[in-house]
Amino acid sequence: MNDLPQVATAAPSDIAQLMARAHALAGMPLGWLASHAGWITPANLSRHKGWSGQLIELYLGASAGSKPQQDFPELGVELKTIPVTPEGKPLETTFVCVTPLTGLNGVRWEDSNVRNKLRQVLWIPIDGRREVAPADRMIGTPFLWRPNAIEDQLLRQDWEEITEMIILGQVQAITARHGQVLQLRPKAANSKVLTEAIGPDGARIQTLPRGYYLKTNFTAALLQQALQRSS
DNA sequence: CCATGATCATGG
DNA sequence: CCATGATCATGG
């Protein structure tokens with residue numbers, strides 16, 4: 001049996017230790033973990049959207065902060081919580097990273113931020129149903145994922161198509177409908193925020209910052225594979 | 001019903 | 001503003 005989860009006092013020394021910590025969280029409600037850590041559980045997440053992810057970081061020993069790197073750089077692992085139904089269907093897309101909109105000439109998929117972030121992901125499913133209070137939302141079975149050749153190719157295709165449009169000054173023509181498994185969407189405090197990009201005539205323009213997100217059809221397949229492996 | 005576009009909190 | 005952590009809210 002697993003020991004009760006504990007707030008981590010140091011980063012995990014290896015992947016086995018990281019996975020042991022993650023497995024200890026399975027079956028625990030967020031409210032228990034929060035109170036055990038001395039945190040207050042919000043009544044809803046509308047003004048605390050990153051709360052669950054930050055609580056899990058605390059228990060796994062991820063270095064908190066806003067560093068533009070993986071959560072466990074020494075292990076090469078990125079941490080992602082994902083809100084799911086009891087059947088294991090994702091309730092939201094998964095944010096990957098923001099993207100620069102200039103200076104992309106010559107950047108290859110192999111060197112992209114998206115690929116770096118997704119090389120190895122520790123997924124933590126959490127009940128994400130809005131009708132369930134955050135305190136009662138149960139954590140699911142974690143799994144470690146590395147893209148296989150097919151998944152890598154799907155991600156690469158979308159990234160290359162979207163990146164090409166950005167380079168050609170078409171960023172304002174990109175919608176969330178582009179891409180099979182990866183999409184580009186706004187990533188900002190509000191729709192007034194501006195960042196530098198390339199316009200249709202090649203000149204610099206100001207536009208809304210964008211980030212890459214995994215579509216739910218893609219993460220749904222990952223979750224189903226993990227369920228089948230564990231049954 | 002659900003995906004797209006919009007938004008919230010925090011630290012630097 | 002930018003990067004981290006994401007979910008909200010409404011139009012289609």
Side-chain angles (χ1 to χ4, degrees), chain A residues 8 11 22 25 30 33-34 37 39-73 77-85 87 89-104 112-114 116-118 121-135 137 139-140 158 162 171-197 204-221:
Chain A
L25 301 179
L30 292 176
L33 294 174
W39 286 25
I40 301 297
T41 304
N44 64 72
L45 299 185
S46 62
R47 293 188 172 272
H48 303 273
K49 295 180 180 178
W51 183 82
S52 305
Q54 286 155 357
L55 182 64
I56 302 304
E57 285 186 341
L58 183 72
Y59 276 87
L60 296 184
S63 40
S66 56
K67 295 185 276 298
Q69 277 305 316
Q70 291 154 324
D71 295 286
F72 302 98
V77 174
E78 174 72 11
L79 174 66
K80 287 291 174 199
T81 61
I82 182 167
V84 296
T85 68
E87 295 75 36
K89 285 184 52 182
L91 286 164
E92 295 288 347
T93 55
T94 302
F95 173 68
V96 179
C97 57
V98 294
T99 180
L101 301 175
T102 60
L104 285 168
S112 69
N113 294 334
V114 174
N116 181 51
K117 287 271 186 179
L118 297 181
V121 178
L122 172 55
W123 293 97
I124 311 273
I126 304 178
D127 188 344
R129 290 174 295 170
R130 294 187 196 180
E131 63 266 33
V132 178
R137 295 186 189 179
I139 299 183
D158 289 346
I162 292 166
V171 63
Q172 291 172 121
I174 302 172
T175 75
R177 296 165 190 80
H178 285 84
Q180 292 288 303
V181 300
L182 196 63
Q183 62 184 179
L184 196 72
R185 303 220 308 274
K187 174 61 172 167
N190 57 63
S191 58
K192 314 278 193 274
V193 177
L194 294 173
T195 194
E196 188 172 75
R204 299 296 168 114
I205 61 168
Q206 293 289 114
T207 193
L208 193 53
R210 316 297 164 100
Y212 283 102
Y213 296 75
L214 296 175
K215 293 189 173 187
T216 53
N217 60 345
F218 187 73
T219 52

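Excluded from the calculations below are hydrogen atoms, water molecules and symmetry mates; all remaining heavy atoms, backbone and side chain alike, are included.
- Residue A:Ser52 places none of its side-chain N or O atoms closer than 4.0 Å to OP1 or OP2 of C:dA6.
- An OP1 or OP2 oxygen of B:dT7 is reached within less than 4.0 angstrom by no side-chain nitrogen or oxygen of A:Ser46.
- The pair A:Glu92-A:Arg130 meets the salt-bridge criterion, since a charged nitrogen lies less than 4.0 angstrom from a carboxylate oxygen.
- When the nearest nucleotides of DNA chain B are assigned to A:Lys89 and A:Arg177 by heavy-atom distance, the more 5′-ward of the two goes with A:Lys89.
- Comparing C:dT4, C:dA6, B:dT4 by their nearest atom to the side chain of A:Lys215 picks out B:dT4.
- Within the 4.0 Å cut-off from OP1 or OP2 of B:dG5, not a single side-chain nitrogen or oxygen of A:Ser191 is found.
- Residue contacts for A:Lys117: at a heavy-atom cut-off of 4.0 Å it reaches the sugar-phosphate backbone alone, with no base atom in range.
- Across all strands, A:Arg185 comes closer than 4.0 Å to base atoms (heavy-atom distances).
- Here A:Thr94 lies out of heavy-atom contact (under 4.0 Å) with every strand.
- Between the side chain of A:Asp158 and the backbone N or O of A:Leu182 there is at least one donor-acceptor pair closer than 3.5 Å.
- The residue A:Arg130 sits close to a base: some heavy atom pair falls under 4.0 Å.
- Nearest-nucleotide mapping onto DNA chain B: of A:Thr175 and A:Gln54, the residue sitting toward the 5' end is A:Thr175.
- Across the protein-nucleic acid pair, A:Tyr213 atom OH and C:dT7 atom C1' stand 10 Å apart, rounded to whole Å.
- Atom pair A:His178:NE2 and B:dA3:C1' shows a separation of 16 Å (rounding to whole Å applied).
- Remark: the backbone N or O of A:Gly179 is paired with a side-chain donor or acceptor of A:Lys215 at under 3.5 angstrom.
- Between A:Gln183 and B:dA3, a side-chain N or O to OP1/OP2 separation shorter than 4.0 Å is absent.
- Here A:Asp71 lies in heavy-atom contact (under 4.0 Å) with sugar-phosphate atoms only.
- A heavy-atom distance below 4.5 Å is found between the side chains of A:Tyr212 and A:Ile162.
- At a threshold of 4.0 angstrom between heavy atoms, the contacts of A:Gly50 include nucleobase atoms, whether or not backbone atoms are also involved.
- Across all strands, A:Glu78 comes closer than 4.0 Å only to sugar-phosphate atoms, never to a base (heavy-atom distances).
- Spacing between atom CZ of A:Arg47 and atom P of C:dG5 amounts to 22 Å, rounded to whole angstrom units.
- One finds no side-chain N or O of A:Lys49 lying less than 4.0 angstrom from the OP1 or OP2 phosphate oxygen of C:dA9.
- Using a 4.0 Å heavy-atom criterion, one finds that A:Leu194 contacts the sugar-phosphate atoms exclusively.
- With rounding to whole Å, A:Asn116 atom CG is found 15 Å from C:dA3 atom C1'.
- Counting non-hydrogen atoms of neighbouring residues, nucleotides and ligands closer than 6.0 angstrom, the CG atom of A:Leu194 exceeds 12 such neighbours.
- Contact annotation for A:Thr93: base contact, defined as any heavy-atom pair under 4.0 Å involving a base atom.
- The interatomic distance linking A:Lys187 (NZ) with B:dG5 (C1') rounds to 13 Å, in whole Å.
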